[in-house]
Every structure is written in C-alpha cells, then in structure tokens.
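Step one of this worksheet: look at the structure below.
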Amino acid sequence: MSLDKILSISGKPGLYELKAQTRSGFIAESLADGKKLSVSIQNNVSILSEIAIYTFTEEVPLREIFKRIQVKENGKQAISHKESKNKLEAYFSEVLPDYDDDRVYVSDMKKVIQWYNILQSKGITDFEKQEEVASEEEE
C-alpha cells in the first residue's frame, strides 16, 4: 500500500486508508481498528504523500523522512511520540538535521513519529514514490 492511499483526517486520531469515493466524499478505513467511516468533502483531509516538512533549503516529502527514520531504526519502531520536547527535537534533528525550527513545531514532530510508528506496525514500510517504482520495473 502506498502513501497515496493513506490519509490523516482533521479531528480524528490516527491514520486512515482511502477505500472508495462517493458523491459526497469518500469511505475511509481506520488503520488502528479497521472501522470504516464516511468522510464528507467538508472535512480537512491530508494525503500523506502530499505532506512535506520545511528545511532551511527546501521542503522534504514525508516519505523521505519516513525512509530516514526507517534506516535510523533498522526498520523497527521509532521513539514514542509522547517523549519530552527535548528528546523529540534531538531525535528529529538526527533524522532531518536542517529542519526549519521556526516553522516545524514539536506537534509536527509528534505527528510524523506517530504516523511512522503506525505505518511500521501495520507493515506499511515501502516509502518509495509509486512513479519511481513503476519506472524501475519497466527497465
């Protein structure tokens, strides 16, 4: 499963998989408990493949940060998103040393680490971009 089908829905905890589109929105399934819910187009929804983190030079896609965490942790879980502010900042600066500390908040770091841990626990660990994978298969 690619990050193009994984959603974060404002006001709802955890991550969701896009299952189907409807006239008024779409159906999503919780990665935590498998419950399906109908999401209207008025909800604020973010697709993980579209999220990036600010650095001093560019915006780094979330999939790249997930890959860096995966390498750092040898494919295992990252630290808890409930760690102290100092531990989270130190961990994040190891993963993304040049993150823009004026625009990336501790709450953002918590989300990234929590999302990585959710995806890792569900076995969703292929953080390559789908177009890249398709072009490699053609060669």
Side-chain angles (χ1 to χ4, degrees):
M1 180 186 324
S2 76
L3 294 183
D4 297 328
K5 298 265 187 203
I6 306 294
L7 313 169
S8 170
I9 303 170
S10 182
K12 306 263 184 217
L15 294 174
Y16 296 82
E17 179 185 357
L18 175 63
K19 286 299 195 181
Q21 288 189 308
T22 64
R23 283 191 299 249
S24 62
F26 55 89
I27 305 295
E29 181 179 307
S30 170
L31 291 181
D33 58 15
K35 290 183 181 174
K36 290 185 176 149
L37 73 137
S38 179
V39 181
S40 83
I41 54 176
Q42 280 84 21
N43 285 82
N44 188 3
V45 176
S46 301
I47 301 170
L48 264 55
S49 64
E50 302 296 319
I51 297 173
I53 300 293
Y54 294 111
T55 67
F56 291 113
T57 56
E58 62 183 339
E59 292 181 18
V60 177
L62 193 56
R63 70 175 72 250
E64 179 62 34
I65 295 166
F66 286 163
K67 279 193 262 185
R68 292 179 185 190
I69 294 172
Q70 188 176 39
V71 168
K72 177 179 175 20
E73 300 298 338
N74 295 317
K76 305 258 189 294
Q77 291 271 304
I79 65 170
S80 170
H81 65 281
K82 296 180 180 179
E83 290 286 352
S84 70
K85 175 183 185 278
N86 291 341
K87 279 188 181 178
L88 288 169
E89 287 174 338
Y91 184 86
F92 212 76
S93 62
E94 286 179 37
V95 174
L96 192 65
D98 60 340
Y99 79 90
D100 185 343
D101 53 358
D102 287 334
R103 299 196 292 177
V104 179
Y105 303 106
V106 172
S107 60
D108 300 324
M109 295 174 199
K110 285 182 178 187
K111 279 183 191 173
V112 169
I113 292 168
Q114 181 182 25
W115 290 346
Y116 171 83
N117 285 336
I118 290 170
L119 294 172
Q120 194 277 338
S121 71
K122 293 297 178 183
I124 303 168
T125 57
D126 180 12
F127 301 122
E128 297 299 320
K129 207 171 184 178
Q130 286 308 100
E131 299 86 59
E132 291 172 8
V133 172
S135 65
E136 288 172 8
E137 289 172 358
E138 292 170 6
E139 294 173 5

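Not measured: the values here are computed from a predicted model.
- Summarising the geometry of Ser80 relative to Leu88, their closest heavy-atom pair is O-CD2, 3.8 Å, with the distance given to 0.1 Å.
- The ring-ring contact (aromatic ring centres under 6.0 Å, His included) pairs that include a residue from residues 25-71 are Phe66-Phe127, where partners are two or more places apart or lie in different chains.
- Nearest heavy-atom pair across Ile113 and Ala78 is CG2-CB, 4.1 Å.
- Under the side-chain hydrogen bond (donor to acceptor under 3.5 Å, both in side chains) criterion, the residue pairs touching residues 104-120 are Gln77-Gln120, with sequence neighbours excluded.
- Applying the side chain to side chain donor-acceptor pair (under 3.5 Å) test to Tyr91 and every residue at least two apart in sequence or in another chain returns Glu73.
- With contacts defined as side-chain heavy-atom distances shorter than 4.5 Å, the pair Thr55/Val104 does not qualify.
- Within a 6.0 Å sphere centred on NZ of Lys72, heavy atoms belonging to other residues, nucleotides or ligands number more than 12.
- Rounded to the nearest 0.5 Å, atoms CG (Leu62) and CD1 (Ile53) are 6.0 Å apart.
- Here the options are Val39, Leu18, Thr22, the test is side chain to side chain contact (heavy atoms under 4.5 Å, CB included), and the partner is Ile27; only Thr22 passes.
- A distance of 7.5 Å separates CD1 of Ile47 from CG of Asp4, quoted to the nearest 0.5 Å.
- Side-chain contact check for Pro61 versus Ile51: every heavy-atom pair is 4.5 Å or farther apart.
- Closest of all the heavy-atom pairs between Arg68 and Leu96 is NH1-CD1, 2.9 Å.
- Smallest separation of non-hydrogen atoms from Lys122 and Leu31: CE-O, 2.6 Å.
- We find the CG-OG distance between Asp126 and Ser2 to be 8.5 Å, quoted to the nearest 0.5 Å.
- Between Glu17 atom CD and Ile6 atom CD1 the span is 5.5 Å, to the nearest 0.5 Å.
- Side chain of Asn43 to main chain of Val45: no donor-acceptor pair is present (N/O by atom type, distance under 3.5 Å, no hydrogens or angles).
- Across Glu29 and Gly34, no two heavy atoms sit closer than the pair CG-O, 3.4 Å.
- A distance of 8.0 Å separates CG of Leu7 from CG of Leu48, quoted to the nearest 0.5 Å.
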